[in-house]
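Written out below as structure tokens is the structure these notes cover.
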Amino acid sequence: QVQLVESGGGLVQAGGSLRLSCAASGRTISSFRLGWFRQAPGKEREFVASITWSSSSARYADSVKGRFTISRDIAQPTVYLQMNSLKPEDTAVYYCASTHGGSYNYWGQGTQVTVSS
């Protein structure tokens, strides 16, 4: 099994920045793809960004391209989501998840991000 623990959420003004962290432990993550998802009030959970652990190949949702950056620290190991130019519509619970392929089957507990106007 894989354990994922998110941190770094909080309250920030529009235009500000936050960096979320997801610490991974348990099974080796060398073959993992790590993803960030979010769920806003009244909406379904949506994909935000993902990164392949071994190659650092990244993907982003259109809504966050140019504002968010996903990265990983091999030594920790930890995956980060740097969020810049935050907007009120970015307000959501953000979740870290992992997969060896196909469905994401390991999930963290989530961390709240609130962006005020």
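Only a predicted model underlies this, so the values are computations on that prediction, with no experimental measurement involved. Side chains are part of it too, since the values below use all heavy atoms of this structure and drop only hydrogens, waters and symmetry mates. Positions are given from 1 along the sequence.
- Here the OG-CZ distance, from Ser55 to Arg33, works out to 7.0 Å after rounding to the nearest 0.5 Å.
- Looking at Tyr106, Phe32, Trp53 one by one, the single match for ring-ring contact (aromatic ring centres under 6.0 Å, His included) with His100 turns out to be Phe32.
- Proximity of the aromatic rings of Phe47 and Phe37 is defined here by a centroid distance below 6.0 angstrom, and this criterion is met.
- Both Val12 and Met83 belong to a single network of hydrophobic side chains, linked directly or stepwise wherever heavy atoms of I, L, V, M, F, W or Y lie under 4.5 Å apart.
- The backbone N or O of Ser116 lies less than 3.5 Å from no partner atom in the side chain of Gln13, so there is not a single donor-acceptor pair.
- In this structure, a donor-acceptor pair under 3.5 Å is absent between the side chains of Asp73 and Thr78.
- We find the SG-CG distance between Cys96 and Leu81 to be 9.5 Å, quoted to the nearest 0.5 Å.
- Within a 6.0 Å radius of CD in Gln3, other residues, nucleotides and ligands contribute 12 heavy atoms or fewer.
- Once rounded to the nearest 0.5 Å, the distance linking CD of Gln112 with CD of Glu6 reads 12.0 Å.
- Gln82 CD to Leu18 CG: the interatomic distance, rounded to the nearest 0.5 Å, is 8.5 Å.
- Taking the ring centre of Tyr80 as origin, the terminal cationic atom of Arg72 falls outside the region bounded by 6.0 Å and 45° from the ring axis.
- Of the inter-residue distances, the one linking Tyr94 atom OH with Gln39 atom CD reads 12.0 Å to the nearest 0.5 angstrom.
- Leu4 and Ala24 make their closest contact through CD2-CB, 3.8 Å (heavy atoms, listed as atom of the first residue, atom of the second, distance).
- The hydrophobic cluster containing Val48 does not contain Tyr95, counting ILVMFWY residues as joined when their side-chain heavy atoms lie under 4.5 angstrom apart, directly or transitively.
- The 12-atom threshold is exceeded at CD of Gln109, counting heavy atoms of other residues, nucleotides or ligands nearer than 6.0 Å.
- Using a cut-off of 4.0 Å between Lys/Arg side-chain N and Asp/Glu carboxylate O, Asp90 and Lys87 are scored as not salt-bridged.
- Taking hydrophobic clusters as Ile, Leu, Val, Met, Phe, Trp and Tyr residues chained together by side-chain heavy-atom distances below 4.5 Å, Tyr60 shares a cluster with Ile51.
- Closest heavy-atom contact between Pro41 and Thr91: CD-O, 4.0 Å.
- Cluster membership check: Trp107 shares its hydrophobic cluster with Val93, using side-chain heavy-atom separations under 4.5 Å among Ile, Leu, Val, Met, Phe, Trp and Tyr.
- When every heavy atom of Ile70 is checked against every heavy atom of Trp36, the shortest pair comes out as CD1-CD1, 3.6 Å.
- In terms of heavy atoms, Ser117 sits closest to Ala14 at CA-CB, 4.4 Å.
- For the pair Arg67 (side chain) and Ser85 (backbone), a donor-acceptor distance under 3.5 Å is present.
- The closest donor-acceptor contact from the side chain of Thr111 to the backbone of Gly9 lies under 3.5 Å.
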